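Presented below is the structure to which this report refers.
All ligand and atom numbering here is 1-based and tracks the order in the structure. As the structure is a prediction and not an experimental result, all values here were calculated from the model.
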Amino acid sequence: MSQTEHRRARPEVSVIIPVYNEEAGLRALFERLYPALDALGADYEVIFINDGSRDKSAALLAEQFRTRPDTTRVILLNGNYGQHMAILAGFEQSRGDIVLTLDADLQNPPEEIGKLVNKMREGFDYVGTIRMQRRDSLWRRKASRAMNRLRERITRIKMTDQGCMLRAYSRHIIDTINRCGEINTFIPALAYTFSQNPVEIEVAHEERFAGESKYSLYSLIRLNFDLVTGFSVVPLQWLSFIGVILSMGSAGLFVLLLIRRFIIGAEVQGVFTLFAITFFLLGVIIFALGLLGEYIGRIYQQVRARPRYLVQTILEQRDGETVAGAPRQSVVQAVQPAQTIDQGPTR
Ligand code: UDP
Ligand code: MG
């Protein structure tokens, strides 16, 4: 029998959860997630993607797989590829007609999943979310709002709240995303560009249950760069526009200085003004190079056509086989690396 024949019929709902160093909160997540999904009255599968955690997360996920092998699958990536790449790995393994993404930190309450599923059943193919009373630090909220506005201008992607990852997508969107092979991407935006009938609903937002945000200021800035350069060439267009205006301005200034030199004579003090202008232009050039680099970097990554990530193990149950079969071997394989890490000091 081929591998696909082994697989069970497609569930209605797939829930994709990326996990990176979430050992402190995983148990609480399992306790709330599974009852919420059982209450849906739908066939479902939960796909956890361990994004190279350096704590006990992988072992905890393997344990959960053993508790609920019928509905749980665990993908262990061999390194840390970032939240969006982890979700992409989950998408490729997902089989559901409705695919939901969720954070592992319980900031998106699993009890809200029902709302999204109902909306999808109404016939929408993309359910975005807006966080009611967002529970994040003030600066994070302010920065998000500013970024959101800028992004909307540049990319024409309409999302009231780009940051909330509790979202639902239809099978056709997921299939299209799987075909994309994008490397640096922002999933909600990518999905939005493929959706035909999107809708947004309000969902509750909670404080992180345990641990701290895995996003540093740096990775947040990176993510927003991905979002802007990945979905628009407007910055490039702005750049050429700015370039034209600047060069016209400097040409005018040069003519002015030339005329002045012939009429009044050379001015010594003016040297400093020239310095200032030169430095300003240097700054502009460096900025321009950086921006060009963004695009060239993307081209470079895309043309290399490397595998986007490597899956170490997949814990899943196959039809007609008990857990004692091949999957158990996978469990053993999967648990080992996590245990080895447990013993060592945390990096
Ligand atoms: N995450 C991940 N890989 C990373 C960073 C984060 O898989 O490199 C996961 C993390 O475990 C969580 C989700 O992505 O499930 C969102 O991360 P986090 O809560 O730290 O982000 P925030 O809520 O601060 O935006
Ligand atoms: Mg979070």
Side-chain angles (χ1 to χ4, degrees), residues 15-30 32-33 46-61 64 73-94 100-110 112-113 128-148 151 159 161-167 183-189 203-227 308-312 338 346-347:
V15 182
I16 315 281
I17 307 180
V19 175
Y20 179 57
N21 293 346
E22 301 280 3
E23 60 175 8
L26 275 182
R27 286 229 167 79
L29 172 69
F30 301 150
R32 282 175 59 184
L33 177 68
V46 185
I47 303 178
F48 292 101
I49 305 95
N50 177 44
D51 188 19
S53 299
R54 293 192 291 251
D55 63 0
K56 287 190 211 120
S57 298
L60 287 171
L61 293 176
Q64 179 60 20
R73 290 201 283 159
V74 180
I75 302 171
L76 304 172
L77 298 183
N78 74 339
N80 180 236
Y81 294 91
Q83 179 186 8
H84 289 259
M85 195 65 94
I87 293 175
L88 287 176
F91 280 175
E92 290 203 327
Q93 298 292 332
S94 71
L100 277 118
T101 55
L102 187 75
D103 283 352
D105 56 1
L106 282 173
Q107 283 197 279
N108 316 131
E112 299 283 76
I113 290 175
T129 45
I130 306 162
R131 291 168 283 191
M132 288 182 288
Q133 293 167 341
R134 183 173 168 191
R135 298 293 174 82
D136 272 321
S137 59
L138 186 71
W139 83 264
R140 194 60 202 270
R141 289 202 303 262
K142 284 251 169 354
S144 292
R145 194 170 311 153
M147 203 48 228
N148 220 15
R151 190 224 60 242
M159 274 190 287
D161 186 0
Q162 65 179 45
C164 185
M165 287 304 284
L166 173 61
R167 281 162 192 274
I183 291 169
N184 296 316
T185 198
F186 190 79
I187 288 162
V203 291
H205 190 239
E206 293 173 6
E207 264 166 57
R208 223 174 197 289
F209 176 79
E212 51 193 35
S213 172
K214 305 297 179 287
Y215 276 100
S216 60
L217 178 60
Y218 175 74
S219 42
L220 268 182
I221 293 172
R222 277 274 9 128
L223 190 69
N224 279 303
F225 252 112
D226 285 349
L227 187 51
R308 293 179 297 163
Y309 49 79
L310 295 169
V311 172
Q312 227 170 30
T346 40
R347 261 174 284 167

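Counting only heavy atoms from C-beta outward, the side chains of I17 and L33 approach each other to under 4.5 Å. The side-chain heavy atoms of I49 and I16, taken from C-beta on, include a pair separated by under 4.5 Å. Contact of the N80 side chain with the Y20 side chain is registered, since non-hydrogen atoms from C-beta on lie closer than 4.5 Å. With a 4.5 Å cut-off on side-chain heavy atoms, F48 and L76 do not count as touching. Residues T101 and F91 are in side-chain contact: their nearest non-hydrogen atoms beyond the backbone lie under 4.5 Å apart. Side-chain contact check for R131 versus Q107: every heavy-atom pair is 4.5 Å or farther apart. You'll find the side chain of P188 reaches within 4.5 Å of the side chain of M165, heavy atoms only. Side-chain atoms of Y81 and L88, non-hydrogen and from C-beta on, never get closer than 4.5 Å to each other.
In this structure, R32 contributes its side chain and L106 its backbone to no donor-acceptor pair below 3.5 Å.
For the Mg ion (ligand 2), the set of nearby N, O or S atoms under 2.8 Å includes none belonging to Y215. None of the N, O or S atoms belonging to D103 lies under 2.8 Å away from the Mg ion (ligand 2).
The atoms of ligand 1 that sit less than 4.0 Å from any heavy atom of Y215 are 20 (O), 21 (O), 25 (O). Shown in contact with K214 at under 4.0 Å from a heavy atom are these atoms of ligand 1, numbered in order with element: 5 (C), 6 (C), 18 (P), 20 (O). Residue E22 approaches ligand 1 through these ligand atoms, each under 4.0 Å from one of its heavy atoms: 10 (C), 11 (O), 12 (C), 15 (O). Each of the following atoms of ligand 1 lies closer than 4.0 Å to a heavy atom of A104: 12 (C), 15 (O). Which parts of ligand 1 touch N80 is read off a 4.0 Å heavy-atom cut-off, strictly below it: atoms 3 (N), 4 (C), 8 (O).
Summary of contacts: the protein heavy atom closest to atom 9 (C) of ligand 1 is P18 O, 3.8 Å. Of the protein's non-hydrogen atoms, D51 OD2, 2.6 Å is the one closest to atom 3 (N) of ligand 1. The nearest protein atom to atom 24 (O) of ligand 1, hydrogens excluded, is given as S213 OG, 2.5 Å; this is a heavy-atom distance. Nearest protein heavy-atom neighbour of atom 1 (N) of ligand 1: Y20 CB, 3.7 Å. Of the protein's heavy atoms, D105 OD2, 2.5 Å lies nearest to atom 19 (O) of ligand 1. Counting protein heavy atoms only, atom 25 (O) of ligand 1 is closest to R140 NH2, 2.9 Å. With respect to atom 13 (C) of ligand 1, the closest heavy atom belonging to the protein is D103 OD1, 3.5 Å.
Polar contact with ligand 1: present for Q107 (N/O pair, distance under 3.5 Å). Close N/O approach between A86 and ligand 1 is not found [any backbone or side-chain N/O within under 3.5 Å].
Contact between M165 and ligand 1 is absent, with no heavy atom of the residue lying under 4.0 Å from the ligand.
Within a 6.0 Å sphere centred on CZ of F225, other residues, nucleotides and ligands contribute 12 heavy atoms or fewer.
Donor-acceptor pairing under 3.5 Å is recorded for the side chains of Q83 and D103. Using modelled atom types, one finds no donor on one side chain facing an acceptor on the other under 3.5 Å when comparing N148 with R145.
Comparing H205, R208, Q83 by heavy-atom distance to atom 18 (P) of ligand 1, the nearest is R208.
The atom of D105 that is an N, O or S and sits closest to the Mg ion (ligand 2) is OD2.
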